Amino acid sequence: MSPIRWLDNLEEAAWVGFLRTQARLMTQLDRELREQHRLSLADYDVMATLSAQPEHRLRPTELADRVVISPSTLTRRLDSMEQRGLVARRRCPEDARGVHVVLTEDGLRALRQAAPSHVDGVRRHFIDKLSRSQMESLARIGRDTLSR
């Protein structure tokens, strides 16, 4: 086992800053969506992900991977969303044992109503606070981290 490479002051500040910024941002965006649209940020993420897919559908495992949650957490999320008519589970035509999660018309309508205020929140709480150079760095970090 290799020796532990402890974080120096700059590395620790970057890590803690990232964690706290991300947590505060997600909390604020979630609060605004709940207050304005009675949707959680997690609901919004699922619906936005489905809306970008052909026929607004994905298999649950693909959806869990894309929204970066565990399959069991996704199952609970989908149960709640299905009860509210935002998504539905449908049999896969090409695989009788498989299921697709489908964004319903009500879900698409809710997403379209929430999107302008959500994007406004993202802009106010995040984008407008960054320089173009900072955004380019964050975009590069995201690409580099995901490609490893």
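Source: prediction; values computed, not measured.
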Minimum heavy-atom distance between Met47 and Met81, given as atom pair plus value: CG-CE, 3.4 Å
For Leu108 against Ser51, the heavy-atom pair lying closest together: CD1-CB, 4.3 Å
Pairs where residues 63-76 contributes a residue and the test side chain to side chain donor-acceptor pair (under 3.5 Å) is met, not counting sequence neighbours: Gln53-Arg66, Ser70-Ser72, Ser70-Thr73, Thr73-Arg76
Contacts of type ring pair (Phe, Tyr, Trp, His ring centres under 6.0 Å), residue His118, not counting sequence neighbours: Tyr44
Side chain to side chain contact (heavy atoms under 4.5 Å, CB included) evaluation trace for Val46 with Leu78: CA-CA 9 Å; Val46 166; Leu78 293 177; 4.2 Å; yes
Sequence neighbours excluded, every pair satisfying side chain to side chain donor-acceptor pair (under 3.5 Å) that has a member inside residues 7-19: none
Shared hydrophobic cluster for Leu138 and Leu25 (ILVMFWY, side-chain gaps under 4.5 Å): yes
Side-chain hydrophobic cluster, 4.5 Å single linkage: members besides Ile4: Trp6
Nearest heavy-atom neighbours spanning Ser40 and Leu33: O-CD1, 4.1 Å
Cluster check Val119, Val122: I/L/V/M/F/W/Y, side chain < 4.5 angstrom: no
Side chain to side chain contact (heavy atoms under 4.5 Å, CB included) partner of Leu50, the single match among Leu58, Val102, Leu111, Val67: Leu58
Distance (rounded to the nearest 0.5 Å) between Leu29 CG and Arg124 CZ: 8.5 Å
All salt bridge (charged side-chain N to carboxylate O under 4.0 Å, His left out) counterparts of Glu82, not counting sequence neighbours: Arg89
Shortest non-hydrogen contact between Ala42 and Arg77, atoms and distance: CB-NE, 3.5 Å
Glu105 CD: over 12 foreign heavy atoms closer than 6.0 Å: no
Side chain to side chain donor-acceptor pair (under 3.5 Å) contacts touching residues 16-31 (sequence neighbours left out): Gln28-Arg31, Gln28-Glu32, Asp30-Arg34
Connected hydrophobic set around Leu10, excluding itself, where side chains approach under 4.5 Å: none
Trace of the side chain to side chain contact (heavy atoms under 4.5 Å, CB included) decision for Arg91 with Val99: CA-CA 4 Å; Arg91 292 262 175 234; Val99 173; 4.0 Å; yes
Qualifying salt bridge (charged side-chain N to carboxylate O under 4.0 Å, His left out) pairs with a residue from residues 132-141, counting only residues at least two apart or across chains: none
Test item: Thr104 side-chain N/O and Ala88 main-chain N/O as donor-acceptor pair under 3.5 Å: no
Contacts of type side-chain hydrogen bond (donor to acceptor under 3.5 Å, both in side chains), residue His37, not counting sequence neighbours: Ser117
Interatomic distance, Arg38 atom CZ to Gln113 atom CD [nearest 0.5 angstrom]: 11.0 Å
Derivation of the side chain to side chain contact (heavy atoms under 4.5 Å, CB included) call for Phe18 and Ile141: CA-CA 12 Å; Phe18 166 77; Ile141 291 166; over 6 Å; no
Under the side-chain hydrogen bond (donor to acceptor under 3.5 Å, both in side chains) test, residues paired with Arg112 that sit two or more places apart: none
Listed partners of Glu55 passing side-chain hydrogen bond (donor to acceptor under 3.5 Å, both in side chains), at least two apart: Arg57
Under the salt bridge (charged side-chain N to carboxylate O under 4.0 Å, His left out) test, residues paired with Arg123 that sit two or more places apart: Asp128
Whether over 12 other heavy atoms sit under 6.0 Å from Arg59 CZ: yes
Closest non-hydrogen atom pair between Ala110 and Leu86, with its separation: CB-CD2, 4.0 Å
Asp106/Arg84 salt bridge by N-O under 4.0 Å criterion: no
